[in-house]
Amino acid sequence: MEHPGFDSLHEKVRRWIVRKGWDSLRPLQERACVEFESGDGDLILAAGTAAGKTEAAFLPICSKLIGSGHEGLRALYVGPLKALINDQFSRLEELCRELDIEVHRWHGDVSSSHKERLLKSPSGILLITPESLEAIFTLHGTRLASLFSGLEYAVIDELHAFLGSERGRQLQSLLHRIECIPERKERKLRRVGLSATLGDLSLASAFLRPEEPERVHVLEAAGSGSELKLQLNATLQPAPIAKSGPKSGRATSADHNGEEAEEQSPDLIELVDHLYRNLRGANHLIFTNSRADVELISSRLALRCEEDRVPLEFLPHHGSLSRELREDVESKLQNSSRPFSAVCTTTLEMGIDIGGVASVAQIGPPSSVAGLRQRLGRSGRRGEAAILRMYVREKEAEVDTPLELALHPQLLQSIAAVELLLEGWCEPPEASAQHYSTLIQQILSTIAERSGAKADELFALLCNRGPFAAVDKSRFARLLRDLGEADYITQMHDGTLVVGLAGERLVNHYEFFAAFASRSEYELRADGRRIGSMPLEQPMPVGSGLIFAGRVWNVLSIEPGRRRIELQAGRRGMPISIRGGGGPPVHDKLRQAMLRALAGTERPAYLGTLAAKLLDDARSRFSRSGLLENSTIQAENDCVVFPWRGDRVMNTLLLILSSLGHNVISSGMALRVRNIDAEELRVQVSNLLKQGLPSAMELTAQVADARLDKHDDVLCEQLLHEGYASRRLDIGGAEEFLSEWVELG
DNA sequence: GACCTGCTGCGGGTTG
């Protein structure tokens with residue numbers, strides 16, 4: 001058998017591989033080596049967790065670096081997490097030690113002496129976060145040429161984590177700014193993206209090389225093809241005694257309004273009992289949609305272990321817990337001889353290697369297929385089937401329950417997500433969104449880097465053919481005026497822009513380097529020890545109860561000055577403030593799959609007994625309602641519309657109908673328009689379509705607070721609303737639905 | 001709208 005990829009590697013690298021005892025390169029590594037040898041274009045390596053992506057990139061890169069005669073820094077590795085960088089640093093060091101290639105790392109926990117050493121004599125490979133790269137540009141503008149003029153490769157790890165986000169746009173801008181360093185004479189970097197398998201890899205190509213996506217080569221590892229064992233269980237919350245109308249906002253996985261009711265709820269006990277009976281004795285990951293649910297479920301499981309006098313083996317893990325507590329959980333999952341399971345948020349979806357887990361559980365409906373897929377990727381030890389247990393807590397429907405709730409939306413959403421998962425589809429990242437806030441950061445950073453810059457120079461660098469190409473000249477000028485008014489920048493007599501007084505404060509604080517805003521939080525302490533942090537958004541009187549880190553506490557004192565909350569072990573309580581459970585916006589496809597689940601007749605084999613019964617129940621309500629024919633029901637005085645579209649269309653429809661002067665309530669799946677007849681509403685909408693829908697500006701003017709990103713507060717109304725509309729609305733989609741809907745009448 | 005992620009320079013103390 002021939003191994004052209006292996007044979008193309010430098011002799012020293014081949015020797016290292018042989019000494020490691022590897023029989024041969026993995027298929028993806030072999031193909032990557034061939035690609036590196038034969039071409040010079042950008043590259044995406046897409047594969048599951050254990051395909052050896054890092055080596056696929058760095059074996060050939062290191063081969064090229066050995067004895068190339070070039071000095072200086074040659075390859076950049078950008079990773080989203082410090083822990084990941086530390087992980088990769090050890091692996092790369094081991095390889096590079098024998099090849100005489102220096103490896104450096106740079107992030108917030110690396111000492112300044114190490115950083116200074118790299119700045120003085122740049123060499124080899126640098127592992128870094130986007131924020132630290134930003135810091136280099138902002139603070140060491142004069143050393144960029146010596147650092148980056150000889151750079152050849154940029155490897156982006158966990159590429160999918162950057163797609164469609166502010167941080168991703170920042171990274172694109174930084175890579176572009178490296179390529180534009182004058183001393184490089186327009187020489188491009190060879191960009192290499194490492195990614196989990198994605199639904200639509202063309203968008204990943206467009207991210208990696210925006211100006212020439214067609215030149216990106218994508219190497220995708222053959223799917224693992226391993227078996228998937230699925231189970232979807234439903235529990236039923238008894239109908240509340242107090243009656244209330246349909247609530248605004250989306251149905252959430254857990255509702256913490258009634259403390260006692262929540263604690264005693266038999267369906268919660270049933271759910272926890274199922275987890276306890278099925279998951280004890282092995283390592284599992286139990287994912288929820290919110291930190292509050294992590295606390296609720298993990299504390300109940302802990303209580304269950306206590307009652308049975310068995311060792312505690314369910315531990316909470318989320319971003320508000322202190323690093324010490326999180327690392328303790330991670331090391332128990334990794335190393336302990338005893339079995340441990342983590343109840344967690346997205347914190348354990350990515351990054352550090354915790355080894356394979358026996359199964360994955362998902363509490364509450366997944367709001368994206370991509371997220372579900374990412375979570376499922378943590379299951380399935382080599383060769384074994386992946387196991388996914390899903391749980392939804394539905395509410396019991398009564399005679400007067402509104403139809404949009406009686407159709408069991410959480411169950412439908414879970415079924416829809418599973419069906420799309422099995423079809424191999426998942427949401428593409430959002431590529432069209434404007435990120436004015438990140439553009440503001442990049443303008444300030446570039447001015448700081450160059451100690452002043454001209455407006456046309458900035459436009460040419462960042463917009464024109466750069467990462468913010470969607471921003472035209474007039475909007476860019478508008479943005480500069482906004483920055484001037486906020487005193488972020490000021491103009492000198494010769495037209496040079498420099499950082500203004502308020503801008504100085506911004507740029508000189510370390511928070512500037514991140515493109516995203518950080519939550520302002522209170523520190524939680526117990527027995528003199530920091531146990532985590534949480535935002536304090538609700539009144540929380542001293543003495544009140546709180547579940548945190550899987551235990552019950554009482555609030556001892558609150559110090560607003562030091563932003564500190566002192567706790568002591570308590571007996572009863574409920575999660576305060578860290579709440580939610582909405583998740584990312586639901587995609588059009590997911591809502592359409594919910595309709596298919598309702599209109600279908602076959603029962604998916606993975607449904608548990610109660611889940612199957614609830615689906616039957618929803619289907620018979622659905623067929624009686626006539627919804628399949630005209631997407632609308634008349635419920636007494638209200639007209640309830642079921643568009644079967646994603647959240648962005650639903651948001652837009654809500655604003656459009658509100659602009660007609662109606663009182664509209666969204667339940668996520670349906671829009672309830674109060675006190676109007678369906679026929680009358682159709683006439684009004686038809687007239688509106690004829691005269692033209694309101695503009696994005698007019699629609700978003702109804703939004704109380706349109707600020708979404710870090711620096712949005714300095715934007716003028718126009719840019720603020722444009723930015724909001726590009727992220728949250730879909731006017732074209734809404735118009736398409738309304739035209740169809742008017743025809744139905 | 002969920003949940004994540006990240007960060008400098010300097011002043012103080014301790015240790016070799």
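We use all heavy atoms of the structure for the numbers below, so side chains are in, but hydrogens, waters and symmetry mates are not. In what follows, every chain begins at residue 1, and chains take the letters A, B, ... in the order their sequences are listed.
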Base versus backbone protein contacts along nucleotides 4-16 of chain B [heavy-atom cut-off under 4.0 Å; B, S, -]:
SBBBBS-------
Do the side-chain N and O atoms of A/E134 and A/S445 include a donor-acceptor pair separated by under 3.5 angstrom?
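Present: a donor and an acceptor within the cut-off.
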Check: A/T347/A/H317 side-chain N/O donor and acceptor closer than 3.5 Å:
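The answer is yes; a qualifying pair exists.
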Could you go step by step and tell me if A/T54 and A/Q88 meet the side chain to side chain donor-acceptor pair (under 3.5 Å) rule?
CA-CA 8 Å; A/T54 316; A/Q88 304 285 31; 3.1 Å; yes
Note: A/D647-A/R591 ion pair, threshold 4.0 Å (strictly below)
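Between A/R591 and A/D647 there is a salt bridge, with a charged N closer than 4.0 Å to a carboxylate O.
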Rounded to whole Å, how long is the line connecting atom CG of A/D293 with atom P of B/dA2?
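One finds 12 Å between P of B/dA2 and CG of A/D293, rounded.
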To the nearest Å, how far apart are A/R728 CZ and B/dG1 P?
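Result: 6 Å.
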Would you mind writing out the side-chain donor-acceptor pairs for residues 321-329 of chain A within the sub-3.5 Å range, not counting sequence neighbours?
residue: A/S322; atom: OG; partner: A/L325; partner atom: N; Å: 3.4
residue: A/R326; atom: NE; partner: A/L321; partner atom: O; Å: 3.3
residue: A/D328; atom: OD2; partner: A/K332; partner atom: NZ; Å: 3.2

